[in-house]
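Report on the following structure.
The first residue of the sequence shown is numbered 1, and numbering continues consecutively from there.
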Amino acid sequence: MTRSPAPLPDGLGDHLRAVVGGNHVLVDPELTASYETDWTGRFSGRSPAVVRPGTTAEVAGVVAACAKARAPIVAQGGNTGLVGGGVPMGGELVVSLTRLTELGPVDTAAAQVTAGAGVRLADLQRHVRAAGLDFGVDFAARDSATVGGLTATNAGGERVLRYGGMRAQLAGIEAVLADGSVLSRMSGLLKDNTGYDLPGLLAGSEGTLGVVTGARLRLVPSQRNRVVAVVAVGGVDEAVELLAVLRQRLRTLEAAELFFATGLELVRAHSGMPAPFAAGHPAYLLVECADRRDPTDELTEALADSEELVRDAALATDAAGRHGLWAYREGHTEAINAEGVPVKLDIAVPLAVFPAVARALPTVVSGAAPHARTVLFGHINEGNLHVNVLDATDRAEEVTDAVLRHVAARGGSISAEHGVGRAKLAWLGLSRSPTEIAAMRAVKRALDPQGLLNPGVLLPPPSCE
């Protein structure tokens, strides 16, 4: 059973209610429960209270009060994290940022917009698309993931191939530091060479250096003409080879996603979707091209010229058809979770070894958990695989150790985009040197000397290194 959290320090509850209002300090377990378990269901804790500030000033007041009371906090956005980094595993107070939903007018001249930390990705997309622009990050959790969470984890997703991850989208940031002071760099200047890149530092810091309350975001051109193809291939080697051809041929290439027969069968069983082709195939490459002019002919020609790699292909240009093809890939996460609580790992390896690693991982997992089921999918251009292991929660540590050591030994990263969180603390040293970890600790001590911001996340205890 999950133990009850320690009560709030004397007087802190009254102070928090004075800052945000009594309706936004939740202490009833029935009200706090949804904030205490992560999206996978694997990480769960208890919090003495969930506080929901509605402005940056209120966030600053909450953090300052917690600093004075020496009460640790966990900042939380849409709670779609997958590594346990946004839930109160140590009895921390949860600061939910979902009320910070202000969206500024789109600056079409600069191609930028200001967004609060609680703005959901889907709402941001609708807002900027109405002004004829778009946002460069997208993924399946768009209806719940928030700007603050995307920034804190340096989220990647499906369009990294063309636009880069979340850090590349930041033109400025606003955050509350551990003492309650507000750091604001929101001018959006393209040239400002006056010292450290603080937005870049806070992006990917997983809430350990400051509570992100808003961001100035770069926007990208709206590409109105799109074509999506699901391409059946003989295996991961053929998928990597075909991707190399498409990258050279297609200036319009925006996404390249890989999934396999096992994952497709799971998606179809969960959703009732028909098979994309009359016959089954070992692997599938989903690609999307986008441009101001119709890119369909360009993609069709490139696939026709790669007939030795292409077993079959289905293309769609209309919105419903494109969505239907994307569902084969984006349906993986929901279908996997419907099967049970998974051990979820996201890794990246050089493309030169990507096929060998993808082929080896099911065997690596079986060595640690013989009865486990492994489902792989990912962003192939970045060498990023999402490793989902079912029927192995009782062997989670052994599975994680086996997979991450295998990846690190082949020059890869233990976390491509989900972060380290709590799930990978013990393995940070596989991807970061002792010198790098010491530098990270020094930054943490400088900005959070009491260690109150997301304790137990990202940086392992010294004994684990």
> Between CG of Leu315 and CG of Leu325, what distance do you get to the nearest 0.5 Å?
Replying inline: 8.0 Å
>> Can a donor-acceptor pair be found, under 3.5 Å and without considering hydrogens, that links the side chain of Gln169 to the backbone of Gly164?
In response: yes
>> Please find the pair of heavy atoms, one from Pro362 and one from Ala358, that lie closest to each other, and give the distance.
In response: CD-O, 3.4 Å
> Heavy-atom distance under 4.5 Å between the side chains of Arg216 and Glu174, does that happen here?
Replying inline: no
>> Quick one: does any side-chain atom of Arg120 pair with a main-chain N or O of Thr146 as donor and acceptor, under 3.5 Å?
In response: no
> Between Thr151 and Leu202, does a side chain to side chain contact (heavy atoms under 4.5 Å, CB included) hold up when you go through it step by step?
Replying inline: CA-CA 8 Å; Thr151 303; Leu202 289 169; 5.8 Å; no
> Roughly how far, to the nearest 0.5 Å, is the CZ atom of Phe354 from the CG atom of Asn381?
Replying inline: 10.0 Å
> Do side-chain atoms of Asn454 reach the backbone of Val457 as a donor and acceptor pair under 3.5 angstrom?
Replying inline: no
> Do Arg373 and Ile336 pass the side chain to side chain contact (heavy atoms under 4.5 Å, CB included) test, and can you show the C-alpha distance, the side-chain angles, and the key distance before you say yes or no?
Replying inline: CA-CA 10 Å; Arg373 292 179 288 161; Ile336 290 165; over 6 Å; no
>> Distance check, rounded to the nearest 0.5 Å: Leu390 atom CG versus Lys344 atom NZ?
In response: 8.5 Å
> For Thr252, does its backbone N or O pair with a side-chain atom of Arg162 as donor and acceptor, under 3.5 Å?
Replying inline: yes
> Minimum heavy-atom separation for Val240 to Pro355, with atom names?
Replying inline: CG2-CG, 3.9 Å
>> Looking at Asp138 and Arg142, is any side-chain nitrogen of the basic one under 4.0 Å from a carboxylate oxygen of the acidic one?
In response: yes
>> Tell me the closest heavy-atom pair linking His386 and Asn384, and the distance in Å.
In response: NE2-OD1, 4.0 Å
> Under 3.5 Å, is there a donor-acceptor pair between the side chain of Gln76 and the main chain of Gly86?
Replying inline: yes
>> For the backbone of Ala416 and the side chain of Asp346, can you confirm whether one donor and one acceptor N or O come within less than 3.5 Å of each other?
In response: yes
>> What verdict does the side chain to side chain contact (heavy atoms under 4.5 Å, CB included) test give for Thr208 and Asp448, after you've listed the backbone C-alpha separation in whole Å, the side-chain angles of each residue and the deciding distance to 0.1 Å?
In response: CA-CA 8 Å; Thr208 63; Asp448 182 18; over 6 Å; no
>> Less than 4.5 Å apart, side chain to side chain, heavy atoms only: is that true for Asn225 and Pro295?
In response: yes
> Any sub-3.5 Å donor-acceptor pair from Asn79's side-chain atoms to Thr37's backbone N or O?
Replying inline: yes
>> Looking at every heavy atom in both Gly136 and Val220, which two are closest together, and how far apart are they?
In response: N-CG2, 4.1 Å
> Are the side chains of Asp134 and Gln223 in touch, meaning some heavy atoms are under 4.5 Å apart?
Replying inline: no
>> So for atom CD, which belongs to Glu102, do other residues, nucleotides or ligands contribute more than 12 heavy atoms lying within a distance under 6.0 Å?
In response: no
> Arg268: what forms a side chain to side chain donor-acceptor pair (under 3.5 Å) with it, not counting sequence neighbours?
Replying inline: none
>> I'd like to know if the side chain of Glu58 pairs up with that of His24 as donor and acceptor (distance under 3.5 Å, no hydrogens or angles considered).
In response: no
>> Going by side chain to side chain donor-acceptor pair (under 3.5 Å), name the residues that satisfy it together with Asp123, two or more places apart in sequence or in a different chain.
In response: Arg126
> Looking at Val365 and Ala372, what are the two nearest heavy atoms and their distance?
Replying inline: CG1-CB, 4.0 Å
> side chain to side chain contact (heavy atoms under 4.5 Å, CB included) between Val407 and Leu345: does it pass, once the steps are laid out?
Replying inline: CA-CA 11 Å; Val407 166; Leu345 302 167; over 6 Å; no
> Do any N or O atoms from the side chain of Arg99 and from the backbone of Arg52 form a donor-acceptor pair under 3.5 angstrom?
Replying inline: yes
> Does CD in Glu30 sit with more than 12 non-hydrogen atoms of other residues, nucleotides or ligands closer than 6.0 Å?
Replying inline: no
> Looking only at atom types and distance, does a side-chain atom of Glu36 sit under 3.5 Å from a main-chain N or O of Pro88, one as donor and one as acceptor?
Replying inline: no
For residues 274-287, tabulate all N or O donor-acceptor pairs below 3.5 Å that involve a side-chain atom, not counting sequence neighbours.
| from | atom 1 | to | atom 2 | distance (Å) |
| --- | --- | --- | --- | --- |
| His281 | NE2 | Ala279 | O | 3.4 |
| Tyr284 | OH | His281 | N | 2.9 |
| Tyr284 | OH | His281 | O | 3.3 |

>> Asp305: which residues meet the salt bridge (charged side-chain N to carboxylate O under 4.0 Å, His left out) condition with it, sequence neighbours left out?
In response: Arg249
>> Quick one about Trp326 and Glu288 (side-chain donor to acceptor, distance below 3.5 Å, no hydrogens or angles considered), yes or no?
In response: yes
> Just by distance, do the side chain of Thr32 and the backbone of Val50 share a donor-acceptor pair under 3.5 Å?
Replying inline: no
> How would you list all residue pairs meeting side chain to side chain donor-acceptor pair (under 3.5 Å) that involve residues 232-242, not counting sequence neighbours?
Replying inline: Asp237-Arg359
> Could you go step by step and tell me if His323 and Glu330 meet the side chain to side chain donor-acceptor pair (under 3.5 Å) rule?
Replying inline: CA-CA 10 Å; His323 178 77; Glu330 289 192 334; 5.7 Å; no
>> Can you tell me how far apart CG (Leu430) and NE2 (His406) are? Round to the nearest 0.5 Å.
In response: 13.0 Å
> Looking at side-chain heavy atoms only, is the closest gap between Val231 and Leu309 below 4.5 Å?
Replying inline: no
>> The criterion is side chain to side chain contact (heavy atoms under 4.5 Å, CB included); which residues satisfy it with Val59, sequence neighbours excluded?
In response: Pro53, Val63, Leu97, Leu100, Val176, Val211, Thr213
> Are side-chain heavy atoms of Val147 and Phe135 found at a separation under 4.5 Å?
Replying inline: no
> Does the side chain of Leu299 come within less than 4.5 Å of Leu253's, by heavy atoms?
Replying inline: no
> Is there side-chain contact between Val343 and Val403, with at least one heavy-atom pair below 4.5 Å?
Replying inline: no
>> Once rounded to the nearest 0.5 Å, what's the spacing between atom CG of Leu242 and atom OG of Ser306?
In response: 5.5 Å
> Looking only at heavy atoms, which two atoms of Pro199 and Leu170 are closest? And how far apart?
Replying inline: O-CD1, 3.9 Å
>> Counting only heavy atoms not in Glu334 (residues, nucleotides, ligands), do more than 12 fall under 6.0 Å from its CD?
In response: no
>> Is it the case that over 12 heavy atoms from other parts of the model lie below 6.0 angstrom from the CG atom of Asp28?
In response: yes
>> Can you confirm whether Lys444 sits close enough to Leu453 that some side-chain heavy atom of one is under 4.5 Å from a side-chain heavy atom of the other?
In response: yes
> Can you tell which of Arg251, Arg224, Arg226 makes a side chain to side chain donor-acceptor pair (under 3.5 Å) with Asp291?
Replying inline: Arg251
> So with a 6.0 Å cut-off around CZ of Arg293, is the heavy-atom count from everything else above 12?
Replying inline: no
>> Strictly below 4.0 Å, N to O, side chains only: are Glu92 and Arg422 in salt-bridge contact?
In response: yes
>> Is there a salt bridge (charged side-chain N to carboxylate O under 4.0 Å, His left out) between Asp401 and Arg405? Walk through the geometry before answering.
In response: CA-CA 6 Å; Asp401 187 71; Arg405 290 188 183 280; 2.8 Å; yes
> Could you give the distance from CG (Leu264) to CZ (Phe259), rounded to the nearest 0.5 Å?
Replying inline: 5.5 Å
